[in-house]
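Data block below; observations after.
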Amino acid sequence: MPVQIIVAIAVVVTLIIAIPITFAATSSYNRKVAEQKIGSAEDKARGIIDEAVKTAETKKREALLEAKEETIKAKNDLDKEIKERRAELSRNERRIVQKEENLNKKLESIEKREAGFAAREEELNRQKTEIAKLNEERVQELERISGLTSEQAKEYLLKTVEEDVKLDTAKLIKEMENQAKEEAGKKAKDYVVTAIQKCAADHVAETTISVVPLPNDEMKGRIIGREGRNIRTLETLTGVDLIIDDTPEAVVLSGFDPIRREIARIALEKLIVDGRIHPARIEEMVEKAKKEVETMIREEGEAATLEVGVHGIHPELVRLLGRMKFRTSYGQNALKHSIEVAQLAGLLAGEVGVDIRIAKRAGLLHDIGKSIDHEVEGSHIQIGVELCRKYKETPLIINAVEAHHGDVEPGSLIACLVQAADTISAARPGARKETLETYSNRLKQLEDITNGFKGVEKSFAIQAGREIRVMVVPEQINDADMVLLARNISKQIESELEYPGQIKVNVIRESRVIDYAK
């Protein structure tokens, strides 16, 4: 075996033996070093823990001391508050006790006063009994002395007082009426005259017939047609009577409905111009005339609102205003009358200082019910009120419409102005006309009303029914009674008659003394 191998083997063996020994020695050394470090760390840890325990005990003692101080302070505060509350309760108790004492004193005082009142009441009752007894004895003595019973004396006194009061009342009424008439008459005349001067209107009376001129008399035969079929067709479609008589070159249209009469007039004029007159052509022309009249109605309503200066009226009310162009009242055109009333109401409103626009609106719509009063049941006032309510007019306008003939009390100054304007428009000369029968009946009713009063000898309606002269029996009616009689007659005339303007009631008492010289 070579030497090198042996050496190598020896080296390897040596290394094998040396490595475990070295590892064991190193491990032992490291263990000792670690044990020394651990021991040192444990000592430090024990020192830190001891110091921390000491610090904690110190903090704990300080905290306990602070807690004790806070507890003591809180206890002291609580004791102080308790003392203050006890003191306040004591004061309240003293006040309550004092109030109870005062109440007891008051109750005692009230009881004493009640006892005094009871005694006084008893004394008063006793005195009343004595007074009643004395009064009865006095009445009996007076009856014995005067020879009258108490009822007879009472009746005599009441009669005397009634006569005195009646005379004083009549004098007072007369003085107040004279004063009111003097003051109101001047202002009213100024307002009315100013309004009438500013409002000029045509005095035109309408009729219930229309006359259509013809180019020649031969046209009458063509209008009548074979066996009268043309005239029957025209009358059936329009509801108007055609009067074809001996009047040269003219046909008269008669009907109570002015709109239908206007449709018939326009249709007939168109047929005359066209020359072709037969049932089919008549029907066509009547339809055209209806559309033309409807357009005319709307235009007239709009023109009326523009003329008066009233805006915002419902379109249906505007159309109904236009229909009033073909409506008359006592011969006065209803639309012209409404325009005139609106203008007068506006002028009067300007004079007295109320809203002119509302006054004009109320005046324009006051007779709106007349546009359909021949189609709907009820008076034109009721119909007008319903129309205004339906188309959302204000309560002020509705009241003015309802009150313009005095059916209800006026609720505003506007309603009074519309009433006055309506009377002015109707009463002015030439505005309206009456039939002889209506005129005669009104005068007869006027005299009958006045003759129905006690003490009236006779009465006379004069001045075309604008004045009633009442002759009274002087033995039954004295001067004081005359004032009351005139007032009562006026009130009854207002409630029972319809008339334009106003009626003057003139009561005349004539006393005559006759003697003979022998």
Side-chain angles (χ1 to χ4, degrees), residues 34-139 150 154 157 161 165 168 172 176 352-355 357-358 389 392-400 403 408-416:
E35 288 175 355
Q36 290 177 357
K37 290 182 177 179
I38 288 169
S40 177
E42 288 178 352
D43 294 337
K44 289 182 179 180
R46 280 194 295 273
I48 291 169
I49 289 169
D50 292 339
E51 187 176 355
V53 169
K54 291 178 182 179
T55 304
E57 288 179 354
T58 303
K59 295 287 185 183
K60 182 179 179 181
R61 285 193 297 272
E62 291 177 355
L64 288 172
L65 289 172
E66 290 179 358
K68 286 181 180 180
E69 290 177 356
E70 290 292 333
T71 302
I72 292 168
K73 184 178 179 182
K75 185 178 179 182
N76 292 334
D77 293 340
L78 183 60
D79 291 341
K80 183 179 179 181
E81 186 177 354
I82 289 170
K83 288 179 180 178
E84 290 177 352
R85 291 193 177 181
R86 284 178 179 172
E88 186 177 355
L89 287 172
S90 298
R91 289 194 297 272
N92 290 337
E93 288 177 356
R94 285 195 297 273
R95 283 199 297 269
I96 290 170
V97 170
Q98 187 176 359
K99 286 183 178 180
E100 288 180 351
E101 291 176 354
N102 293 334
L103 285 174
N104 290 331
K105 291 179 181 178
K106 288 182 179 179
L107 286 173
E108 291 176 359
S109 175
I110 290 170
E111 289 175 355
K112 290 179 181 178
R113 291 176 65 184
E114 286 180 351
F117 287 152
R120 288 183 183 180
E121 187 176 359
E122 186 177 353
E123 179 66 19
L124 286 173
N125 290 331
R126 187 181 61 78
Q127 290 179 1
K128 284 181 180 178
T129 305
E130 291 180 359
I131 289 170
K133 186 176 179 181
L134 290 173
N135 189 38
E136 186 177 353
E137 293 175 356
R138 181 178 62 83
V139 170
S150 60
K154 188 186 296 183
L157 288 172
V161 171
V165 170
D168 293 341
L172 182 61
M176 293 180 68
V352 299
V354 296
D355 195 320
R357 292 181 297 105
I358 295 178
R389 284 179 181 154
K392 311 299 182 186
E393 288 294 329
T394 61
L396 190 65
I397 302 295
I398 293 172
N399 176 255
V408 299
E409 288 295 325
S412 65
L413 188 55
I414 295 290
C416 296

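Everything numeric here is computed off the predicted structure, so don't read it as measured data.
- Checked for salt-bridge contact, Arg85 and Glu81 meet the test: a charged N lies under 4.0 Å from a carboxylate O.
- Residues Ile414 and Asp355 approach most closely at CD1-O, 3.8 Å, considering heavy atoms.
- The number of heavy atoms from other shown groups lying within 6.0 Å of CD (Gln127) is above 12.
- Atom CD of Glu122 has 12 or fewer neighbouring heavy atoms from other residues, nucleotides or ligands inside a 6.0 Å radius.
- The CG atom of Leu413 sits 10.0 Å away from the CG atom of Leu396 when rounded to the nearest 0.5 Å.
- To the nearest 0.5 Å, atom CG of residue Asn125 and atom CD of residue Glu121 are 5.5 Å apart.
- Remark: Arg46 CZ is packed, more than 12 non-hydrogen atoms of other residues, nucleotides or ligands lying under 6.0 Å away.
- Heavy-atom minimum distance, Ser412 versus Asn399: N-OD1, 4.0 Å.
- Partners of Glu69 under the side chain to side chain donor-acceptor pair (under 3.5 Å) rule, at least two apart in sequence or in another chain, do not exist in this structure.
- For Ile398 against Arg389, the heavy-atom pair with the smallest separation is CD1-CG, 3.4 Å.
- Between Arg86 atom CZ and Asp79 atom CG the span is 8.5 Å, to the nearest 0.5 Å.
- In the displayed structure, Glu123 atom CD is contacted under 6.0 Å by more than 12 heavy atoms of other residues, nucleotides or ligands.
- Residues satisfying the side chain to side chain donor-acceptor pair (under 3.5 Å) criterion with Asn76, sequence neighbours excluded, are absent altogether.
- Distance check: Glu66 CD to Lys73 NZ gives 12.0 Å after rounding to the nearest 0.5 Å.
- Atom CD of Glu62 sits about 7.5 Å away from atom CG of Leu65, to the nearest 0.5 Å.
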Take Val53 and Ile49 through the side-chain contact (heavy atoms from CB on, under 4.5 Å) test and state the conclusion after the steps. CA-CA 6 Å; Val53 169; Ile49 289 169; 4.2 Å; yes

List the atom pairs, with distances to 0.1 Å, where a side-chain N or O of residues 96-112 and a protein N or O form a donor-acceptor pair under 3.5 Å, not counting sequence neighbours.
unit_1: Asn102; atom_1: ND2; unit_2: Gln98; atom_2: O; d: 3.3
unit_1: Asn104; atom_1: ND2; unit_2: Glu100; atom_2: O; d: 3.0

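- Between Ala415 and Pro410 the shortest heavy-atom distance is CB-CB, 3.8 Å.
- Heavy-atom neighbours of Glu409 CD from other residues, nucleotides or ligands within 6.0 Å: at or below the threshold of 12.
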